[in-house]
Amino acid sequence: MGQANRFTTADTADIRNHGLSVEEAERQLCLFEKSPPHLQLDRPCTLGDGIRALSDAEIAAATAAHAAASHEGRLMKFVPASGAATRMFQALLAERETAATLNREDALLRRARGDRNADTVVRFMEAIDRFAFADDLRAGMAARGYDLPALLRRGEFGTILDALLSPEGLDVSARPKGLLQFHRYPEGNRTAFEEHLAEAAGTVRNRHSTCRVHFTVSPEHEERFRKILAAVYDTIERRHDIRLEDDFSTQKRSTDTIAVDLQHRPFRTAQGALLFRPGGHGALIENMSELAGDLIFVKNIDNVVPDWRRADTLKWKKILAGLLVIIQRNIFDHLARLQGRPEPAVVESALRFAHEDLCLSVPAQFDRSSVEVQRQRLIEIFDRPVRVCGVVRNTGEPGGGPFWVRGRDGSLSLQIVESAQVDPAQQEQQAIFSAATHFNPVDLVCGVRNHRGEQFDLRRFVDSEAVFITRKSMDGRDLKALERPGLWNGAMAHWTTVFVEVPGSTFTPVKTVLDLLRPEHQPA
């Protein structure tokens, strides 16, 4: 279908005003029509085959390398913190919508029949005082003339859920997850956002005790983040003897994607305008690319622990960063020796390093190429961003994991793969995905500068076809939405990747509200 048949003059102006080109909008429409290609899994990464288990000597060397890099001010922390907490409270929202007069007896009866939402409500109410946000809930209800303990005794669950979830109450499901109180402290409860600031004090402090931290947030929530930061700024700096150098950014409108109807025609609003949707967390590769960073920690907003459980997290953050420094140093050394007209032994040494240390493969015809062609190919392989990824043992958490993936040219690379990237019609591929021994907790350290100290343009290393297509609806009409290649999936597909096994104690996500009842989120 030609461009003239797709877009009106008004559409073209709307596309350009959104920061997109008409050619990009056309490319996105074509992705809907042909569907994104599935990855070709070769095998799961396992210990000794794509995943490293570090020795005591390697841990010591990495810890020392982190200390030096931290002292030099090379480190910073990057946290995607845009998402609302809707999914976290999904079961409670469903109960509130379907049971305005919900009470304990009704919930218990439905739980006995196997209703999962009712089970969540009962468990939530039985443990409500263990949630850090319960103090605000109790105070907010008292201001409206309600007594939370009395309502609990009478089993009036519907009234409590309304106070928790309604816009007139706490409205917790509409808040960014980062601004929810996660943990109790004697001196005052903390949000996930505040816990990330505390973690930064132990991982990215430079010789001047400055800690660089960057959060990506939704435009409508940025002011709330800034207010929280202003309220705790002095306390955090005094507590940790640091100076925070904080910054915020939002997803660019130019990374939004066009939506289509089920016939792959541009979806139009009731007013006839094109519908653009946020491009997913993969759009944040643009934000990362503009950070003026060097070594960047990347971690999800909900994966935090309180002070008394942070020792393992800090230890392994330092190890991952230090290992990246060592790997980067070796890559730069090989790049330096590959310049000019090196001896064949230099090329052989670089190739061995690529195979054994970086798990990088070369095209089949590589061995038959001249030394000069091999040299150029190795320079190309080494001259790209590097990431060291912590992975944990697979315990059944939903999400992606580390795999050997066969590229379109037949070469193998290490990739973080989500289930949506695997062909559901190929049983063999599904079996490989199900055989994963390790899980991706989103615990990354990224090296984004080259051997000359220049920043990479991270957009050059994105697999632009590794998009996600999802079904959504608007105004009662079905549509298809396009998400850009995921930040740690397709957006980093052409990076050099190293996987390291880290302890499960470093992975403490909060995907549902009941996860806050796990021991790692409760007082010592």
Side-chain angles (χ1 to χ4, degrees), residues 1-36 80-90 93-94 96-98 165-168 171-177 216-224 248-287 420 462 464-487 490-491:
M1 187 183 295
Q3 174 184 323
N5 295 324
R6 293 184 195 256
F7 300 126
T8 66
T9 303
D11 292 340
T12 300
D14 197 15
I15 289 168
R16 288 173 176 160
N17 288 338
H18 217 82
L20 295 166
S21 66
V22 175
E23 292 73 22
E24 171 60 15
E26 281 286 342
R27 187 188 75 84
Q28 292 177 13
L29 292 181
C30 290
L31 289 171
F32 284 111
E33 291 169 350
K34 67 180 183 179
S35 297
S82 301
T86 308
R87 290 184 187 176
M88 185 174 163
F89 293 94
Q90 195 166 23
L93 285 165
R96 177 173 176 260
E97 291 174 2
T98 59
L165 302 168
S166 71
E168 298 75 27
D171 202 17
V172 290
S173 63
R175 295 187 191 183
K177 193 183 285 188
T216 63
V217 299
S218 302
E220 64 271 22
H221 294 137
E222 182 173 348
E223 186 59 31
R224 297 180 73 175
F248 297 90
S249 66
T250 59
Q251 285 191 25
K252 298 175 180 295
R253 290 181 79 242
S254 60
T255 65
D256 288 354
T257 57
I258 194 167
V260 299
D261 62 21
L262 300 189
Q263 285 72 48
H264 299 150
R265 298 171 303 200
F267 186 95
R268 296 186 181 277
T269 66
Q271 292 74 36
L274 297 174
L275 176 66
F276 296 91
R277 295 176 55 86
H281 60 66
L284 299 180
I285 200 71
E286 301 252 0
N287 302 60
V462 175
S464 60
E465 292 191 343
V467 296
F468 298 91
I469 294 176
T470 57
R471 290 281 291 267
K472 304 287 184 180
S473 65
M474 180 180 180
D475 298 331
R477 294 182 292 149
D478 290 333
L479 61 85
K480 288 186 178 180
L482 184 72
E483 290 190 13
R484 292 183 177 274
L487 183 58

With a 4.5 Å limit on heavy-atom distance, are the side chains of [X] and [Y] in contact?
X    : Y    : value
I469 : L482 : yes
V462 : E286 : no
D14  : F7   : no
R471 : D478 : yes
P36  : L31  : no
H18  : L274 : no
V467 : E483 : no

Reported [atom1]-to-[atom2] distance for the pair [X] and [Y], which is rounded to 0.5 angstrom:
X    : Y    : atom1 : atom2 : result
F267 : L262 : CZ    : CG    : 9.0 Å
H281 : T255 : NE2   : OG1   : 13.0 Å
D475 : L275 : CG    : CG    : 9.0 Å
R6   : I258 : CZ    : CD1   : 9.0 Å
L93  : L165 : CG    : CG    : 5.0 Å
S35  : H264 : OG    : NE2   : 6.0 Å

Shortest non-hydrogen separation from [X] to [Y] and the atoms involved:
X    : Y    : value
P278 : T257 : O-OG1, 4.4 Å
G490 : A466 : CA-CB, 3.9 Å
G280 : Q251 : O-NE2, 3.5 Å
Q28  : L20  : NE2-CD2, 4.3 Å
G282 : A491 : O-CB, 4.3 Å

Strictly distance-based, threshold 3.5 Å: is any side-chain N or O of [X] a donor or acceptor partner for the main-chain N or O of [Y]?
X    : Y    : answer
D261 : Q263 : yes
S473 : G476 : no
T12  : T8   : yes
S218 : E220 : no
R175 : H221 : no

- [ ] Walk me through it: do N287 and T216 pass the test side chain to side chain donor-acceptor pair (under 3.5 Å)?
- [x] CA-CA 8 Å; N287 302 60; T216 63; 5.8 Å; no
Open item on the list: Run the side chain to side chain contact (heavy atoms under 4.5 Å, CB included) test against T250 and tell me which residues pass, sequence neighbours left out.
Closed with: V217, P219, E222
- [ ] Decide if atom CZ of R27 counts as having more than 12 heavy atoms of other residues, nucleotides or ligands within a radius under 6.0 Å.
- [x] yes
Open item on the list: Whether E24 and R484 form a salt bridge (side-chain N of Lys/Arg under 4.0 Å from carboxylate O of Asp/Glu) is what I want to check.
Closed with: yes
